[in-house]
Number of protein chains: 2
Amino acid sequence: MITINMRDSRPIYEQVKDSLRRLIVSGALPADEKLPSVRELAAQLVINPNTIQRAYRELEHEGYIVSVPGKGSFATPHFGADSRRVSELLAAFDDAVAELRYLGVDGAELKKRIDEQEAKKDEA
Amino acid sequence: MITINMRDSRPIYEQVKDSLRRLIVSGALPADEKLPSVRELAAQLVINPNTIQRAYRELEHEGYIVSVPGKGSFATPHFGADSRRVSELLAAFDDAVAELRYLGVDGAELKKRIDEQEAKKDEA
DNA sequence: CTAACTGTACTAAGACAATTAGTACAGTTA
DNA sequence: TAACTGTACTAATTGTCTTAGTACAGTTAG
């Protein structure tokens with residue numbers, strides 16, 4: 001479900017956050033789906049539960065999951081676009097596009113990629 | 001020319017790298033253009049010269065600039081696509097697209113954005 | 001009710017990276 | 001010569017990440 005890379009310079013809790021966010025926004029983890037418990041996921045990844053707890057706490061603060069004491073953590077549908085996050089992502093999008101074009105990747109190639117991702121999600 | 005954010009969790013040298021890379025790939029900093037000297041940019045940003053030196057060293061290693069002792073540092077045209085870097089950027093591109101669509105941004109909107117960026121670069 | 005789960009909170013310690021300060025040396029240029 | 005350039009190196013400091021350990025309250029199946 002999730003893998004982390006110890007050689008990666010990025011903090012483990014960031015890697016966990018990004019992996020879970022990717023599963024959620026891609027639809028692989030539907031709304032109201034139950035996530036692994038803090039201790040369970042920590043055991044699976046062989047890391048400290050505190051690290052998972054931090055990832056869950058921040059994902060909840062960002063509105064991607066909801067944690068309920070005694071019950072568990074669950075993916076949540078996203079109501080109302082977070083305009084700050086959207087701005088961040090658009091900036092990241094623009095940067096990636098600019099550098100890709102600089103490295104020789106055509107704009108048409110990128111547009112095709114958007115369509116392919118859209119088609120792939122419609123399958124599921 | 002460049003601004004850094006002390007509240008940003010990312011290291012200063014990474015922020016400097018990204019800023020310079022953005023200037024280069026966007027065309028704002030043309031090939032063979034001279035960059036500010038290590039000490040000059042450090043003074044301007046009110047940070048240690050060692051931090052700038054690290055940013056320059058890594059940008060040179062990645063092929064975006066060339067540094068010559070006694071002369072200075074210069075932007076370089078990029079020969080031969082770095083396939084590893086391209087893969088990284090495509091992954092970042094895909095992630096941004098997926099999350100943006102999840103947050104309600106249409107795919108057509110993103111395609112339009114690619115065209116606009118292309119047009120803006122053609123002006124310069 | 002009990003036992004085993006759930007999230008959550010907190011302290012303490014260690015490891016590591018980032019940053020700074022300071023010094024130094026060699027090449028370039030007006 | 002003087003003032004610039006990049007580069008290299010050590011030492012000290014600071015802050016973050018991660019772990020270990022303990023604890024408490026809510027939930028749920030038996």
Side-chain angles (χ1 to χ4, degrees), chain A residues 1-21 23-24 29 31-76, chain B residues 1-21 23-24 29 31-76:
Chain A
M1 189 181 193
I2 293 182
T3 57
I4 59 178
N5 184 359
M6 286 310 214
R7 296 176 224 172
D8 194 332
S9 65
R10 291 162 56 223
I12 299 176
Y13 78 93
E14 288 280 4
Q15 296 185 44
V16 173
K17 279 178 62 178
D18 287 350
S19 294
L20 289 175
R21 200 190 294 105
L23 290 174
I24 293 172
L29 228 139
D32 297 329
E33 187 90 351
K34 189 173 188 297
L35 301 184
S37 76
V38 169
R39 294 172 178 81
E40 184 183 343
L41 186 52
Q44 177 187 325
L45 300 178
V46 197
I47 60 179
N48 194 284
N50 293 333
T51 306
I52 300 296
Q53 186 191 344
R54 176 165 184 179
Y56 277 21
R57 187 201 317 141
E58 297 193 4
L59 279 175
E60 179 171 25
H61 185 261
E62 294 170 11
Y64 289 91
I65 71 174
V66 165
S67 294
V68 183
K71 299 198 68 174
S73 299
F74 307 86
T76 58
Chain B
M1 188 180 193
I2 294 182
T3 57
I4 58 177
N5 184 0
M6 286 309 215
R7 298 175 222 170
D8 195 331
S9 66
R10 292 162 52 221
I12 299 175
Y13 78 93
E14 289 279 4
Q15 295 184 44
V16 173
K17 280 178 62 179
D18 287 350
S19 293
L20 290 174
R21 201 191 292 106
L23 289 174
I24 293 172
L29 228 141
D32 297 329
E33 187 92 350
K34 189 172 187 298
L35 302 183
S37 77
V38 169
R39 294 173 179 82
E40 184 183 344
L41 186 52
Q44 178 187 325
L45 299 179
V46 198
I47 59 179
N48 195 283
N50 293 332
T51 305
I52 301 296
Q53 186 190 343
R54 176 165 185 182
Y56 277 20
R57 188 201 315 140
E58 298 193 4
L59 279 175
E60 179 171 27
H61 185 261
E62 295 170 13
Y64 290 91
I65 72 174
V66 164
S67 294
V68 182
K71 299 199 67 175
S73 299
F74 307 86
T76 57

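Values below: every heavy atom of this structure, side chains too, minus hydrogens, waters and symmetry copies. Just so it is clear: chains get the letters A, B, ... in the order the sequence lines come, proteins before strands, and each one is counted from 1.
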By nearest atom, which of the nucleotides [options] is closest to the [X] side chain?
X: A:Asn50; options: C:dT20, D:dA20, C:dG7; value: D:dA20
X: B:Gln53; options: D:dA8, D:dG6, C:dA9; value: D:dA8
X: B:Arg54; options: C:dT8, D:dT18, C:dA18; value: C:dA18

To the nearest angstrom, how far is [X] atom [atom1] from [N] atom [atom2]?
X: A:Glu58; N: C:dG7; atom1: CD; atom2: C1'; result: 16 Å
X: B:Lys71; N: D:dT7; atom1: NZ; atom2: P; result: 14 Å
X: B:Ile47; N: C:dG22; atom1: CD1; atom2: P; result: 17 Å
X: A:Arg57; N: C:dC10; atom1: CZ; atom2: P; result: 10 Å
X: B:Ile65; N: D:dT5; atom1: CD1; atom2: P; result: 14 Å
X: A:Tyr13; N: C:dC16; atom1: OH; atom2: C1'; result: 15 Å
X: A:Asp8; N: D:dC17; atom1: CG; atom2: P; result: 14 Å
X: A:Tyr56; N: C:dA9; atom1: OH; atom2: P; result: 16 Å

State whether [X] places a side-chain N or O below 4.0 Å from either non-bridging phosphate oxygen (OP1 or OP2) of [N].
X: A:Ser73; N: C:dT6; answer: no
X: B:Ser67; N: D:dT5; answer: no
X: A:Thr51; N: D:dT19; answer: yes

Q: Give me the bend of the helix from C:dC1-D:dG30 to C:dA30-D:dT1, using the axes of the five pairs at each end, rounded to 10°.
A: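 Answer for the end axes of this duplex: 30°.
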
**Q.** Side chain B:Gln15, main chain B:Asn5, donor-acceptor under 3.5 Å
**A.**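 Present.
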
Q) Mapping A:Arg10 and A:Pro69 onto DNA chain D by nearest heavy atom, which one lands closer to the 5' end? A)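 On the 5' side of the pair lies A:Arg10.
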
Q.
Against B:Leu45, only a single residue in B:Val16, B:Ile12, B:Thr3 fulfils side chain to side chain contact (heavy atoms under 4.5 Å, CB included); can you say which?
A.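 When B:Val16, B:Ile12, B:Thr3 are each tested with B:Leu45, the side chain to side chain contact (heavy atoms under 4.5 Å, CB included) holds only for B:Val16.
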
Q.
Name the residue from B:Leu29, B:Leu41, B:Leu59 that meets the side chain to side chain contact (heavy atoms under 4.5 Å, CB included) definition with B:Leu35.
A.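 Only one of B:Leu29, B:Leu41, B:Leu59 forms a side chain to side chain contact (heavy atoms under 4.5 Å, CB included) with B:Leu35, namely B:Leu29.
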
**Q.** For DNA chain C, the residues among residues 33-46 of chain B that have a non-hydrogen atom under 4.0 Å from it
**A.**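 The answer is B:Arg39.
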
If you take all heavy atoms of [X] and [Y], which pair is closest and at what distance?
X: B:Pro36; Y: B:Met1; result: CG-SD, 4.0 Å
X: A:Asp8; Y: A:Arg10; result: OD1-N, 2.9 Å
X: B:Ile65; Y: B:Tyr56; result: CD1-O, 3.5 Å
X: A:Thr76; Y: A:Gly63; result: OG1-O, 3.1 Å
X: A:Ile2; Y: A:Gln44; result: O-NE2, 4.3 Å

Q.
Can you tell me how far apart CD (B:Glu40) and CD1 (B:Ile52) are? Round to the nearest 0.5 Å.
A.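 Answer rounded to 0.5 Å: 11.0 Å.
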
Q. So what does A:Glu60 touch, heavy atoms closer than 4.0 Å: a base, only the sugar-phosphate, or nothing?
A.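 Sugar-phosphate, backbone atoms only, no base.
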
Q) In this structure, which one of A:Arg54, A:Arg57, A:Glu58 forms a side chain to side chain donor-acceptor pair (under 3.5 Å) with A:Tyr13? A)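 Of the listed options, the one satisfying the test is A:Arg54.
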
